[in-house]
Engineer: 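Handing you a structure now.
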Amino acid sequence: MEVKFYHIQTYTCYCGETMDHFFKGTERDMERYAESCVEDDAMEWWDEQTEEDFDGEYENYISECGYDVWEITEEEYEKYKEF
């Protein structure tokens, strides 16, 4: 399996709620990592206002969260993983 470098950006349904992650590995491992990042970031962004907006239904909220992914070069990975 080929190792690649990825920029993963997680998001919620709220404008501006994004977080960047960088990953080195196989595509399959990247997908698992990205999904775990979505879960972690969504939990971090879950607050009283979000709970009110979604009537306490966390599953409805997380279903509107997701990620975008871009394959990047090793040089970009090394540069951005530090941030």
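We number each residue from 1, following the sequence as shown.
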Engineer: Please step through side-chain contact (heavy atoms from CB on, under 4.5 Å) for the pair C65 and W46, ending with a clear verdict.
Structural biologist: CA-CA 11 Å; C65 298; W46 178 258; over 6 Å; no
Engineer: Please, which pairs that meet salt bridge (Lys or Arg N to Asp or Glu O under 4.0 Å) have at least one residue in residues 2-11, sequence neighbours excluded?
Structural biologist: K4-E71
Engineer: Please list, chain by chain and in numerical order, all residues satisfying side chain to side chain contact (heavy atoms under 4.5 Å, CB included) with Y77, sequence neighbours excluded.
Structural biologist: F5, F22, K24, I72, K81
Engineer: Output the distance between atom CE (M30) and atom SG (C37), rounded to the nearest 0.5 Å.
Structural biologist: 11.0 Å
Engineer: Taking only residues two or more places apart in sequence or in another chain, which ones pass side chain to side chain contact (heavy atoms under 4.5 Å, CB included) with T26?
Structural biologist: M1, R28, D29
Engineer: With sequence neighbours excluded, what pairs up with Y33 under the ring pair (Phe, Tyr, Trp, His ring centres under 6.0 Å) test?
Structural biologist: F23
Engineer: Return the set of residues passing side chain to side chain contact (heavy atoms under 4.5 Å, CB included) with E39 (not counting sequence neighbours), or none when no residue passes.
Structural biologist: I62
Engineer: Go through the structure and list residues passing side-chain hydrogen bond (donor to acceptor under 3.5 Å, both in side chains) with E17, not counting sequence neighbours.
Structural biologist: T12
Engineer: Would you list the pairs meeting side chain to side chain donor-acceptor pair (under 3.5 Å) in which at least one residue belongs to residues 55-69, sequence neighbours left out?
Structural biologist: none
Engineer: Regarding D53 and T50, is there a side-chain donor-to-acceptor distance under 3.5 Å anywhere?
Structural biologist: no
Engineer: Name all residues meeting the side chain to side chain contact (heavy atoms under 4.5 Å, CB included) criterion together with E48; count only those two or more places apart in sequence or in a different chain, and write none if there are none.
Structural biologist: none
Engineer: Run through the side-chain heavy atoms of Ile, Leu, Val, Met, Phe, Trp and Tyr, join any pair under 4.5 Å, and report what else lands in W70's cluster.
Structural biologist: none
Engineer: With distance as the sole test, does E76 use its side chain to make a donor-acceptor pair with the main-chain N or O of T73 at under 3.5 Å?
Structural biologist: yes
Engineer: How would you list, by chain and number, every residue that makes a side-chain hydrogen bond (donor to acceptor under 3.5 Å, both in side chains) with Q9, sequence neighbours excluded?
Structural biologist: D20
Engineer: In terms of hydrophobic clustering (I, L, V, M, F, W, Y; side-chain heavy atoms under 4.5 Å; direct or indirect links), are V38 and M19 co-clustered?
Structural biologist: no
Engineer: What are the two closest non-hydrogen atoms of T10 and A34, and how far apart are they?
Structural biologist: CG2-O, 4.5 Å
Engineer: Set out, in order, the CA-CA distance, both residues' side-chain angles and the distance that settles side-chain contact (heavy atoms from CB on, under 4.5 Å) for E27 and Y6, then state yes or no.
Structural biologist: CA-CA 9 Å; E27 186 173 351; Y6 300 95; 3.6 Å; yes
Engineer: Rounded to the nearest 0.5 Å, what separates atom CD in E31 from atom OG in S36?
Structural biologist: 12.0 Å
